[in-house]
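Remarks on the structure that follows.
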Amino acid sequence: VEHLDELRSRLIKMVAAIVVASIAGWFLEPSVLRALDAPLIHALVKAGNKITTPVTDTIYGAFTIHLKLAVLEGIVMSMPILVWQIWGFVVPALPRKFYRYGPFVMLSGLVLFAAGGLTGYFVMPLAINFFISQGGGTIGFIPIISNYISFVSLIIVVFGISYEMPLVLVMLSIAGI
């Protein structure tokens, strides 16, 4: 029961961190959206597409995009707190020799994920140009913003996770696996 109380306490702290950071993300969201949709707009203009700005397909679409981006920004900004809370919950179950690796693992994980996400952002225009070029000038493209944000999120997360592999391999080696 004590362990469940600890879990609940840490989950509450994590949710609170995400909520506070998401509120801050709400105010940063317009500039983040401009940065995220810039590669799409550039590719649409370059391809000569008739629609060159992202659109929404529902009445509430713009609001949900703002909210979704604010929460995603909140998760990203609160990531150090989230990682610290997860580490604090897991460390009592680990052998004592792993305690000293905690700060290294947390910092390395955050830096590697950020580097991977940044790489994904810079590779994303290549993917966008490839997918738009598949229309061959005969198929029009309506850029629905919710689908595009999901695509961008997927690219960034996949690249971020892939950059974590060296850390996973080092930790597995240290654990003797």
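We count residues from 1, following the sequence as given.
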Under 3.5 Å: donor-acceptor pair, side chain of [X], backbone of [Y]:
{"X": "Ser9", "Y": "Asp5", "answer": "no"}
{"X": "Glu164", "Y": "Phe113", "answer": "yes"}
{"X": "Tyr163", "Y": "Thr119", "answer": "no"}

Would a single hydrophobic cluster contain both [Y] and [X], if residues Ile, Leu, Val, Met, Phe, Trp and Tyr are joined by side-chain heavy-atom contacts under 4.5 Å?
{"X": "Ile86", "Y": "Val83", "answer": "yes"}
{"X": "Val105", "Y": "Leu110", "answer": "yes"}
{"X": "Ile41", "Y": "Met124", "answer": "no"}
{"X": "Trp87", "Y": "Val111", "answer": "no"}
{"X": "Leu154", "Y": "Val152", "answer": "no"}

Atom of [X], atom of [Y] and distance for their closest heavy-atom approach:
{"X": "Ile81", "Y": "Ala17", "value": "CG2-CB, 3.8 Å"}
{"X": "Arg10", "Y": "Trp84", "value": "NH1-O, 4.4 Å"}
{"X": "Gly120", "Y": "Ile155", "value": "O-CG2, 3.5 Å"}
{"X": "Gly61", "Y": "Thr58", "value": "N-OG1, 2.9 Å"}
{"X": "Met77", "Y": "Pro80", "value": "O-CD, 3.6 Å"}
{"X": "Glu73", "Y": "Glu29", "value": "OE2-CA, 3.3 Å"}

Please round to the nearest 0.5 Å and tell me the distance separating atom [atom1] of [X] and atom [atom2] of [Y].
{"X": "Ile149", "Y": "Leu69", "atom1": "CD1", "atom2": "CG", "result": "4.5 Å"}
{"X": "Ser78", "Y": "Lys13", "atom1": "OG", "atom2": "NZ", "result": "14.5 Å"}
{"X": "Leu72", "Y": "Ile18", "atom1": "CG", "atom2": "CD1", "result": "10.5 Å"}
{"X": "Arg8", "Y": "His3", "atom1": "CZ", "atom2": "NE2", "result": "13.5 Å"}
{"X": "Leu82", "Y": "Leu11", "atom1": "CG", "atom2": "CG", "result": "10.5 Å"}
{"X": "Leu7", "Y": "Ile12", "atom1": "CG", "atom2": "CD1", "result": "9.5 Å"}

Crowding at CG, Leu172 (>12 non-hydrogen neighbours, <6.0 Å): yes
* May I ask you to check whether over 12 heavy atoms, not counting those of Ile142, lie within 6.0 Å of atom CD1? => no
Only one of Leu40, Val55, Ile65 passes side chain to side chain contact (heavy atoms under 4.5 Å, CB included) with Tyr148, and that residue is Leu40
Does Ile128 form a side chain to side chain contact (heavy atoms under 4.5 Å, CB included) with His42? I'd like the steps, not just the answer.
CA-CA 10 Å; Ile128 292 169; His42 178 72; over 6 Å; no
Determine whether the side chains of Lys68 and Ser146 contain a donor N or O and an acceptor N or O closer than 3.5 Å. no
Under the side chain to side chain contact (heavy atoms under 4.5 Å, CB included) rule, what do Ile132 and Asn49 come out as? Steps first, then yes or no, please. CA-CA 9 Å; Ile132 288 176; Asn49 202 56; 6.0 Å; no
Apply side chain to side chain contact (heavy atoms under 4.5 Å, CB included) to the pair Leu118 and Phe159, showing each step before the final yes or no. CA-CA 8 Å; Leu118 197 58; Phe159 272 82; over 6 Å; no
